[in-house]
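Throughout, residue positions are numbered sequentially from 1 according to the sequence presented.
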Amino acid sequence: MDLKKADIGERAFGKGSKESVTVKYESQQHALDFIWSILGSGKSIGVIEGPEGSGKSTVMRQFVSELPRDTSIAAIDGTRFKPRGFVAEILARYGYTTDLQTTEELLQLLAMFAGQQTRSYQAPIVIIDNADRMYPSTLKTLGRIAAMTQDGKPALRIILTSRRRLNALSREDGKLGAERPFEVKQLAPMTANEALIYLHARLEACGVGVPDSVFPGDVCDKLHEISKGWPARLNALALTAIKRSEQLPVTVTRIMKRPQQLPAERKPPSLVISRDGKTLREFVFDDNKVLIGRSDFADIVIDDEFCSKFHVLLMLYSDGLVLLDLNSVNGTTVNSVRVKSTLLLNNDVISLGHHRLKVMNVPVPHQVAAGRATAADTRRMKNLDEMRRKRKAQLKAVPLKPRKKSR
C-alpha cells in the first residue's frame, strides 16, 4: 500500500480525477432536480449558486451527461467573451460559424435558429458558467437573448452558475431579470456522513477495496471539519493528507501535527472597477497580459470619454504586476500620481477618466519586477501590437456553415 499511496491520492483526489470520478451527494442531487424543473417550465432563468469549489461545474457536467444526444445545448464560460464573441460562441456550440460582423446580426441569426428549434422540437439550452464575472455589456446581451420568444414563450432555456447573488445585476436597467424571473438553488456543503461516503466512494472508484485502510472514519470526520464540507477543499485536503503520511492508513494525529502545511486557498489577482464611488464589477486575471481601454478589442472595456481606445497594458509576472501607459491622450494616474510605467502593489488605485481600478491580490513584488516597470517605449508598443494582433485573430470569422449534429 505504501508504494502506491501517491498514485492512489492522485487518481482519487487529484486534478485528473475530477471528471472521471463523480460522487453525488444530497445537495448536488437537489440542484440537478432543480435544473430539470426549470427546463420543464422554460419560463424562468435558473441559477446554481455556491462559493468557489462548491461543485457547480460538477453539477453541470452531470446534467449535460443526462441529456438526450440530440439536445441543442451551448455551455460556455461567461468570463471569456465580449458581446460579439459571446453570441458567436453560442452559435458555434449549436453548430454554426459565421462571417457576420456585428452583434445585432448574430443575435438575429440566434433568434432565427432558436425559433426554428422551438417550433420543431424544443427550445435550445444555454448554460453560462461564472455569470457573476461577465462583462456588463455581455450581461446586457444575455438579457436580450433571454428576451427572445417564439409563440409567446421563451425561445431559449437558460441556466447560470454564480458565486454570489445576481440580484444586484438584475436590478440594473437593460440587464438580466427585466423579461424573465430568476429562480435560485444554493448549493450546500456535505454533512459529515456524506463526506465519509464521498471520500470512500472516490477511493473505491480508483481500486481501493477497503477505504478504511486509507481514511478511517475519524480521519474522514476531521477532513470534513477542516474543509467545512466543500468538495474541492475536501479533495485538496485528502490528497495532501495521503502525500504527507509516511504510511497508510492516515491518522488524525498526522493531520493535526502540520495543519499549517495544508493547502491554502489563494485568491487570483483582480481589479475592482468602480465609477463615481459605485462598484461596477470585479475583473479576475486569467491571462498574463490585460489590455484596458475604450475599444471592444480590450480585455477590460472602460466606457469613458477620457479613456483612450488602448489606454493601459497590465503585465502579470510571478513576482509582480507592471502597468504600462500606452501613450494615452489623458494619461494614467496611480494613487493620484501620474505615471507612464510603474510596479503595482495591493490596494493601489488606477485612475482612468471617471473610473477607478483597485488592485487586489497581486504577487509580492521583487526587485527584478521593478526593473520591468522601466521598459522602453519600443517594448511597450511591441506589446500593444502583439495584443492587437491577438484580438483581431480572435474575431476573425469564417463563412456561414452549419455543422452536422451527431445523434
Pairing residues for [X] by the ring-ring contact (aromatic ring centres under 6.0 Å, His included) criterion, not counting sequence neighbours:
| X | result |
| --- | --- |
| Phe34 | none |
| Phe81 | none |
| His30 | none |
| Tyr198 | none |

Evaluation steps, side chain to side chain donor-acceptor pair (under 3.5 Å), between Ser44 and Glu183: CA-CA 6 Å; Ser44 300; Glu183 289 191 37; 3.0 Å; yes

Within a strict 4.5 Å, meaning less than it, do heavy atoms of the [X] and [Y] side chains meet?
| X | Y | result |
| --- | --- | --- |
| Leu39 | Gln122 | no |
| Arg202 | Asn235 | yes |
| Leu326 | Val312 | no |
| Phe285 | Leu314 | yes |
| Leu199 | Leu234 | yes |
| Val219 | Leu223 | yes |
| Val349 | Leu357 | no |
| Pro269 | Leu316 | yes |

What pair of heavy atoms forms the shortest contact from [X] to [Y], and how long is it?
| X | Y | result |
| --- | --- | --- |
| Val87 | Thr141 | CG2-CG2, 3.6 Å |
| Cys206 | Ile8 | SG-O, 4.0 Å |
| Met134 | Gly78 | CG-O, 3.4 Å |
| Ser270 | Glu282 | OG-OE2, 2.9 Å |
| Gly320 | Leu343 | CA-CD1, 4.1 Å |
| Asp221 | Ala192 | OD1-CB, 4.1 Å |

Judged by atom type as modelled, is there a donor-acceptor pair below 3.5 Å linking the side chain of [X] to the main-chain atoms of [Y]?
| X | Y | value |
| --- | --- | --- |
| Thr71 | Pro68 | yes |
| Thr333 | Ser336 | no |
| Asp348 | Leu345 | yes |
| Thr149 | Gly152 | no |
| Ser227 | Gly229 | yes |
| Arg157 | Ile125 | no |
| Asp325 | Ser341 | no |
| Ser54 | Pro51 | yes |
| Ser308 | Phe310 | no |
| Lys228 | Arg233 | no |

Kindly compute the distance separating [atom1] ([X]) from [atom2] ([Y]), expressed to the nearest 0.5 Å.
| X | Y | atom1 | atom2 | value |
| --- | --- | --- | --- | --- |
| Thr342 | Ile350 | OG1 | CD1 | 9.5 Å |
| Ile38 | Ile45 | CD1 | CD1 | 9.5 Å |
| Ser37 | Leu32 | OG | CG | 11.0 Å |
| Glu246 | Thr251 | CD | OG1 | 9.0 Å |
| Lys289 | Leu313 | NZ | CG | 7.0 Å |
| Leu156 | Ile145 | CG | CD1 | 7.0 Å |

Do [X] and [Y] pair up side chain to side chain, a donor and an acceptor below 3.5 Å, judged on atom types alone?
| X | Y | answer |
| --- | --- | --- |
| Lys340 | Asn327 | yes |
| Thr191 | Asn193 | no |
| Glu49 | Ser162 | no |
| Thr332 | His311 | yes |
| Glu104 | Gln108 | no |
| Asp129 | Thr161 | yes |

Suppose we screen for side chain to side chain contact (heavy atoms under 4.5 Å, CB included). Which residues come up paired with Asn347, at least two apart in sequence or across chains?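 Listed in chain order: Lys358, Met360.
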
Does CG in Asn335 sit with more than 12 non-hydrogen atoms of other residues, nucleotides or ligands closer than 6.0 Å?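 Enclosed: over 12 neighbouring heavy atoms sit under 6.0 Å from CG of Asn335.
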
Full working for side-chain contact (heavy atoms from CB on, under 4.5 Å) between Leu321 and Met315: CA-CA 6 Å; Leu321 178 64; Met315 303 179 67; 5.9 Å; no

Phe306 ring center near His354 ring center (under 6.0 Å): yes

I'd like to know whether Ile159 forms a side-chain contact (heavy atoms from CB on, under 4.5 Å) with Val126, so could you lay out the CA-CA distance, the side-chain angles of the two residues, the decisive distance to 0.1 Å, and finally the verdict. CA-CA 6 Å; Ile159 302 293; Val126 180; over 6 Å; no

Given His200 and Val214, is the side-chain contact (heavy atoms from CB on, under 4.5 Å) satisfied, shown in steps? CA-CA 9 Å; His200 282 190; Val214 179; over 6 Å; no

Under-4.0 Å salt bridge between Asp304 and Arg275: yes

Intermediate values then yes/no, side-chain contact (heavy atoms from CB on, under 4.5 Å), Arg61 and Ser65: CA-CA 6 Å; Arg61 283 198 304 270; Ser65 72; over 6 Å; no

With sequence neighbours left out, which residue pairs that include part of residues 54-80 fulfil the ring pair (Phe, Tyr, Trp, His ring centres under 6.0 Å) condition?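 Listed by first then second residue: Trp36-Phe63.
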
Checking salt bridge (Lys or Arg N to Asp or Glu O under 4.0 Å) for the pair Glu305/Arg294: CA distance, chi angles, key distance, verdict? CA-CA 8 Å; Glu305 59 183 326; Arg294 204 175 67 252; over 6 Å; no

